[in-house]
Amino acid sequence: MEGGHPSESRRVGVGGMTKIRFHAFSCKAGEFLEMSAQECIKCAAGTYSLGSGLRFDEWEKIPLGFSSLATSPNYSPNRQHASTCKSAKWVAQGSYLESNRDECTVSLIYTVHLKKPGSVSFDYQYVDNSIIFEFFIQNDQCQEMDVDSNKKWIKLTTHGEWGTHSVNLNSGTNILYWRTTGVTLGSKAVKPILLKNIQIEGVAYTSECFPCKPGTFSRTPGSSSCAPCPRDTYSGRGASSCTPCNTKTHYALEGSAMCKSKPPCSKKDYIQTYSTCDKDGKTRVVYKWLEPRICLEAAAGAVKLPPSGQLKPCPPCNPGFYNNHTATCSPCPPGTYSDGVKACQSCPAGTEPVLGFEYKWWNVLPANMKSSCFNVANNNCDGLNGWEVAGDHLQSGSGRSDNDNLILTLRVPGFKLPMSVQGTSGSEYGRITFEFETSCSADCEFYFMTDVKKRSTNVVESWDGRKTKQSYTYIMTENSSVAFTWAFQRTSRASDVRRYANDMVKIYSVSVTNAVCALKSKKAGSSCVSCPAGHYIDKKTNHCQKCPPNTVLSGDNIYGKETCQPCGPGSKSNKEHSVCFSDCLFKYTHHNQILQYDFSALTPAGSILNGPSFTAKGTKYYHLFNISLCGAEGHKAAVCRDNITDLPNEDVKGGQLGSSVEAFLCQSTIIPSDGRGLRTALSSQSISLADTFQGATVEKSLNGINARPELFPSPPKRIPDVHFFYRSPQVTTSCKKGRNAVVSLRCNLERTARGDISVPSKCPAGTCDGCSFYFLWESSSACPRCTNVDYHAIEGACKGGVQDTVYMWTEPRLCAGGLTLPLKRTSPCEVIDIWLKVVTGLGVFCAAVLVSLTCYFWKKNKKLEYKYSKLVMTANKECELPAADSCGIMEGEGEENEEEDQVVYANNTSLLAKLKAITTKGNKSDEAVQLKFSNTEKSVWG
């Protein structure tokens, strides 16, 4: 047996004895250090060695040295969730490890001491971004080693495929951590992380070889690994070869440790499909056994394979293809189109074919589609197809076991917009729509994923359990190559048998718009379009006409003026008529006054970080919202990136580490890393909440979207809020009509020009149902522009012939910007004001009237006194009063004495004359009464 000597060893004498200290060694892979001979010896057949490393590839139980530690977040608002995480752990599943399925933070820990610098590598499956998966290393003082962010944060993998991650290690003690943190904001179960084949290089010498695990073998001495046994063979531990099974009665899958008996065949062991169209264009229903065939058809109680059906005409070709009287459908040549039934026709002059795929007949799998099968324990399902064609639908296959991932992939090299919308700044480059249904008796899961520019595969939407026939649409907002992937798994639990073989998903149709065809013809289409950007085809003249102002073309159909849809209130279209946006200017009439707004200060994207919030298990997270309100010709300035806070700048543009979402309004979930706060936070689960701008208005509803002002404090009564309405057509399981958002702008002069954004206190995540989002943006820029009706003038006193006029805002002030207050104005003035002159004149006039009246009544009174005195004198002279009917002096008496009385009356009827007449009449009556009284009194006395 060949051998070698370990290198870099020293012999040290201590007390007559010799000890060997190994600082490093050079035993190769497939060798071990024989201690007595101090030589590197090759491993025997049936065993293996890494030479200077360790490998863990058996997971019937957690190997010695590994530990699983579950923790609840120490930043939880209370500690009531701590007990629920005690049972969370990594679980051994035979050929791999599986992470926990809840929201607890669980770490898989292994400590290793390296004699020299080495490395660690492992294989993993990571498909669910609701789990944060990180790998990091600590030294013996529990200090985290400096590791590149690309090595710490694990990238997502394609569904069903295994990825490999490797990190360099320093000599000395290394504590390895595989840590997962689940953040399930909904009710959907977490897809666990799978781990296997952990290999560590740089450990101390290997003093023995490791036996091959059951189901594997190493045929030659000096092996560094063991190979799995082929199908229908098995092996025990430490095998140098595999033993064949009796294939008549038993079977064994690849890498089996034993042979299993074949059961009697049942209906679950065969499927129905369609034969390939023959040269006459005929097909028939055929039945075939599931492969690998693991049942006995001749056993008692076994079912027979049903006979094939009758020949019938093949379904037509898919649109954009033709069969030319053959059994094969081919894409139409460039410049032609077809509906799949008729022959390809040339497009009229000046037109072009509408590019895209539309698959609704499944005679054969299209050339740009690929079917595959992946098993969690193996790289593939023994070469089995994951999907099979079935005429009017495409269905998932059987696989090797129930937990196989059945994969269907459609690759699109890019998108090409029609000439009518090329060069536009719109957000939609294409869309994929597919119709499907699932039939399940177990916990099946169906995933739809995308991989843009081969960066990483992201789960777009998923469905579990039985689902009725329905359609789903996904919009492409980036013009680049993309792989659309469908994955079906009958059960996510570990399984090596087929108990639910009849559980399946059926896809009836798949259509992709504006897709560049990668097939031989380079172009395939089903109709023709033309016209420059922003134009439609007039139905009467078939000529191109430009869309009216402030309208946008609806989709790819440009036939008819009605395809130019008007923009909403408070919005306008760009020059290509591809998108509606707000130019930050807004006006409306309020109480017969035109209020004008300028929101230009709000053009840069605004942000709000609200929280913290806590999941059901107490995991702390924040929601970061970015809002692009107006301006930028409809460009979506709000960007939400994944993993942006703890990553190098050079990797921001590519890969999952730099994946981003551009929208009018987007959301990211921020998770504090290691409890150290937001400085090293992790951003993930970025989604778009608003892709199209519906309009801006003071009304509370627009296009079926309702604002909810009751969620916020009451606005000022004089100035209503201005609501910006947005919509995202991307449907989800919970939002069948997509998402929508309302941003309400409120005038608040106490805020800055940029202002502050808030969410409803009743809905701290910005939404109460997960589909409608509401935001309040208070800013001084949200106030109407000031006009001359918003201020008033105040005139000062006239001093020294000079008067000052100052201008003040009308309180409460409800405007900003616009006109400014005029400067103080100084003007000459008179000492006595005009109004003072008027008042003085009126006072003099009134005084003159009063003096005149006083003089008149005084003279009248004197006259009466004179007459009375004369009457008294006459009575005293005659000693008695004359008998008369009345003692009053009748009118006319004493006329002859007028000259004596020196009383002169004017004949004209002046104001004084009228007053005199009224007074005279009253006095005559009074005098008559007085005289009668005197006469009566005299009679009594007498």
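These numbers come from a predicted model, not from an experiment.
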Looking only at heavy atoms, what is the nearest atom pair of [X] and [Y], with distance?
X: C229; Y: F217; value: SG-CD2, 4.1 Å
X: Y270; Y: K304; value: CE2-O, 4.5 Å
X: Y474; Y: T450; value: CE2-CG2, 3.9 Å
X: W289; Y: D269; value: CE3-O, 3.4 Å

Heavy-atom side-chain proximity of [X] to [Y] below 4.5 angstrom:
X: P230; Y: C242; result: yes
X: F66; Y: L97; result: no
X: W486; Y: L410; result: yes
X: W387; Y: Q395; result: no
X: Y447; Y: N405; result: no
X: K467; Y: F446; result: no

Q) With F133, which residues qualify under ring-ring contact (aromatic ring centres under 6.0 Å, His included), at least two apart? A)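 So F133 forms a ring-ring contact (aromatic ring centres under 6.0 Å, His included) with Y126.
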Q | Which residues share a ring-ring contact (aromatic ring centres under 6.0 Å, His included) with W90, sequence neighbours left out | A |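 In terms of ring-ring contact (aromatic ring centres under 6.0 Å, His included), with neighbours along the sequence ignored, W90 is linked to no residue.
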[X]: what forms a side chain to side chain donor-acceptor pair (under 3.5 Å) with it, not counting sequence neighbours?
X: Y177; answer: Q138
X: S68; answer: none
X: S261; answer: H250
X: S481; answer: none

Q: Evaluate whether atom NZ of K370 has more than 12 neighbouring non-hydrogen atoms of other residues, nucleotides or ligands under 6.0 angstrom away.
A: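 Incorrect, the count does not exceed 12.
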Q. Are more than 12 heavy atoms from other residues, nucleotides or ligands located less than 6.0 Å from atom NZ of K262?
A.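 Yes, enclosed.
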Q) For the side chain of S218 and the backbone of T47, is there at least one donor-acceptor N/O pair under 3.5 Å apart? A)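 Side chain of S218 to backbone of T47: a pair is present.
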(Q) Please check this pair: side chain of S49 against backbone of E31, looking for a donor-acceptor N/O pair closer than 3.5 Å. (A)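 Between the backbone of E31 and the side chain of S49 there is a qualifying donor-acceptor contact (under 3.5 Å).
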(Q) Ignoring hydrogens and geometry beyond distance, is a side-chain donor-acceptor pair present between T180 and N100 at under 3.5 Å? (A)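 A donor-acceptor contact under 3.5 Å links the two side chains.
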Validation: residues 502-512 side-chain donor-acceptor distances under 3.5 Å, sequence neighbours left out:
from	atom 1	to	atom 2	distance (Å)
D503	OD1	S441	N	3.2
D503	OD1	S441	OG	3.1
D503	OD2	S441	N	3.0
D503	OD2	S441	OG	3.2
D503	OD2	A442	N	3.3
Y508	OH	E437	OE2	2.3

Q: Could you label the plane-to-plane angle of the W178 and F122 rings as parallel, tilted or perpendicular, counting under 30° as parallel and over 60° as perpendicular?
A: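 Rings of W178 and F122: perpendicular, as their planes differ by over 60°.
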(Q) Can you classify the ring geometry of Y472 versus W463 as parallel (below 30°), tilted (30 to 60°) or perpendicular (above 60°)? (A)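 Plane angle over 60°, so perpendicular.
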Q.
Tell me if the aromatic rings of F484 and F434 count as close, with their centers under 6.0 Å from one another.
A.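 Here the rings of F434 and F484 have centres that are no less than 6.0 Å from each other.
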Suppose we screen for salt bridge (charged side-chain N to carboxylate O under 4.0 Å, His left out). Which residues come up paired with [X], at least two apart in sequence or across chains?
X: K288; result: E388
X: E297; result: R293
X: R219; result: none

Q | Residue pairs passing the side-chain hydrogen bond (donor to acceptor under 3.5 Å, both in side chains) test where at least one lies in residues 233-242, sequence neighbours excluded | A |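 As it turns out, the side-chain hydrogen bond (donor to acceptor under 3.5 Å, both in side chains) pairs with a partner in residues 233-242, which skip direct neighbours, are E58-R237.
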Q: For residues 197-213, pull every pair meeting salt bridge (charged side-chain N to carboxylate O under 4.0 Å, His left out), keeping only residues two or more places apart or in separate chains.
A: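 Sorted result for residues 197-213: empty, none.
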